[in-house]
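Reading through the structure tokens given below for one structure.
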There are 2 protein chains.
Amino acid sequence: MFDNKETTNIQQLGEFGLIDHLTKNIKIKQPTTIKGVGDDAAVLDYAGKKILVSTDMLLEGIHFDLAYTPLKHLGYKAVQVNLSDIYAMNGTATQVTISLGLSSKFPLEAVEELYEGIYLACEKFDVDIVGGDTTASKQGLVISVTALGYADENDVVYRNTAEEGDLLCVSGDLGGAYTGLQLLEREKLVYLENPNIQPDLEGKDYIIERQLKPEARRDIIELLKSIDVKPTAMIDVSDGLASEILHICKQSNKGCNLYEEKIPLDPMTYETAREFNLDPTVCALSGGEDYELLFTVKQSDYEKIKFKMDFTIIGHITEASAGCNLITKSGTVHALKAQGWNAFTPPNA
Amino acid sequence: MFDNKETTNIQQLGEFGLIDHLTKNIKIKQPTTIKGVGDDAAVLDYAGKKILVSTDMLLEGIHFDLAYTPLKHLGYKAVQVNLSDIYAMNGTATQVTISLGLSSKFPLEAVEELYEGIYLACEKFDVDIVGGDTTASKQGLVISVTALGYADENDVVYRNTAEEGDLLCVSGDLGGAYTGLQLLEREKLVYLENPNIQPDLEGKDYIIERQLKPEARRDIIELLKSIDVKPTAMIDVSDGLASEILHICKQSNKGCNLYEEKIPLDPMTYETAREFNLDPTVCALSGGEDYELLFTVKQSDYEKIKFKMDFTIIGHITEASAGCNLITKSGTVHALKAQGWNAFTPPNA
């Protein structure tokens, strides 16, 4: 169709470049639209409560490999990654819609297994399934989820409101989902070469689960509320720590110092990264899919958060002109770069 | 994965069977969920206005064929089919989210063309794009749209509230999208056999447009409001008239008489169906994709609607025990059957 024209390759743009390109001309017209494209969820004002809406699409061969992804886990994960966006707005997730494109080779039992995971995630997080679409697919499994939730106007936390001096915090630990993926990919190759060899995943449950069955951090939202701390900015870690920090800094027009030694790594993540000759810090910075919450809090809240085990202070926000810096363990200062997961050039493609 | 188990084929279930199967165990828990799965859109209560949410997924090779579908039209249609669901609730559509899965062979210009249509539809219907997801696809183009809107509690019109004696009405005319599709499919085959032959679509603009560029009937919603008529039940015609009538009757626990001679057909639809040796009535009943509104109104509203040119009274609602009947032009009575468009066994598969 475009054979005779000069064309631009999508891969060169990357996911964020493409999104920027496609959305820069959007004009908001509805008075009900408080926040559209550009954050984890859209914010809509329908009197009183703000509605939060977020959507994510998972495609076979891009986001998951059915060779090692149990369908129940996949259904669970498809919901979690969407709820994670609602929590990242400091909201309460309340509904999802589920659209599925299913290959005709898929037996009903497979779809049921997928839905078991979907139900389990919804059950656990008190979320209603309120709609969706189910269709045949000639192209493999397609899962599109939209999550809805709400928050009081004063509770909504955006990405663009970090202030100089704020502490940069992240929940849980990072890089596990990515090292888990490396392990699964390796065992798949071993299996394809010799189907008699059993996968060697012994003792690696934690990072395998980080990849296959992430948990959205509603508990962090609840914890912060319980200690009366409202983050000044927040985002969920889906594309890697570096990419998410840069989103907050860029949108807030601020810089940051991130301390490598503070980045939380599980020992199994560290050890497995080493097995693969990967730098564990790079796995945390660029691996993605950890679905932890990255947020900034006022320095004056330090006393309230300093003993909290569920998240770690990893740096602080600076003025924009200072840039976004990674201070390594040896004290060297590097410019922080986003080499986050990019669906158009996945690391294992 | 299921090689050694007894499996059930999805095709046997059909789309509605599968949806019933998958959703029958859903338990609504959120007090904010007024209506979940089972209507054109979910209804959520966030104080005052009711929120309407609906989602639809379009897959290459199932819902569209890029051989004859201009991308701009496709983008336009992807939005329209979702807005249609919001109007079918008697609501005001206000936002959409757009998720795209794009093959790497897709140049940016192609995505821009797709988005041009998306923007045009949003512009025309005063709808904001408030989110989405864009990813690579190994499998061809995937479009998933979620539409949101609102309505006053008393204005929302469901499918399950038709009453005995109500008049059955449909907007516009039917069967055009399906006969347009037959034409496009025929010309594609001719072209594949001999690329030197130009497509013969002369004078067929109307039905081609019905297929490629449907318009959601916001005007009907506005017209009904302006004459102070609130439908008792409503649904949009996406799967064919028969299928939609049966949805209203089944969910309202009622029967109906539908008069074949009253079914609105455009002369071009009639003529083209004949060219293909198709029964024009069957095209209207089972063809689908017309995106007209099918609704029921109280008999007492007859004086208000009798001269309205934008819709046609095609029958009336009866008690359930009378069944759902098609009264043919010759006066014979047939049980109405849904042979509507089924994504798992498309008519042209």
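The structure presented is a predicted model; accordingly, all values stated were derived computationally and were not measured. Per chain, numbering begins at 1; letters A, B, ... match sequence-line order.
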Evaluate the side-chain proximity of A:Lys138 to B:Ile62: yes if any heavy-atom separation is below 4.5 Å, no if none is.
-> yes

So, for A:Ser137 and B:Leu59, which heavy atoms are closest and what is the spacing to 0.1 Å?
-> CB-CD1, 3.5 Å

Is the backbone of A:Met57 close enough, under 3.5 Å, to the side chain of B:Asp133 for a donor and an acceptor to pair up by distance?
-> yes

From B:Ser99 OG over to A:Ile143 CD1, what is the distance, rounded to the nearest 0.5 angstrom?
-> 13.0 Å

Hey, mind stepping through B:Leu148 and A:Leu148 against side chain to side chain contact (heavy atoms under 4.5 Å, CB included) and telling me if it holds?
-> CA-CA 11 Å; B:Leu148 295 123; A:Leu148 296 122; 3.6 Å; yes

Sequence neighbours left out, what pairs pass salt bridge (Lys or Arg N to Asp or Glu O under 4.0 Å) with at least one residue falling in residues 54-65 of chain B?
-> B:Asp65-B:Lys188

Which pairs count as salt bridge (Lys or Arg N to Asp or Glu O under 4.0 Å) when at least one residue sits in residues 75-84 of chain B, sequence neighbours excluded?
-> B:Lys77-B:Glu289

Going by the side-chain contact (heavy atoms from CB on, under 4.5 Å) test, name the single residue among B:Thr97, B:Ile98, B:Val96 that passes it with A:Thr55.
-> B:Thr97

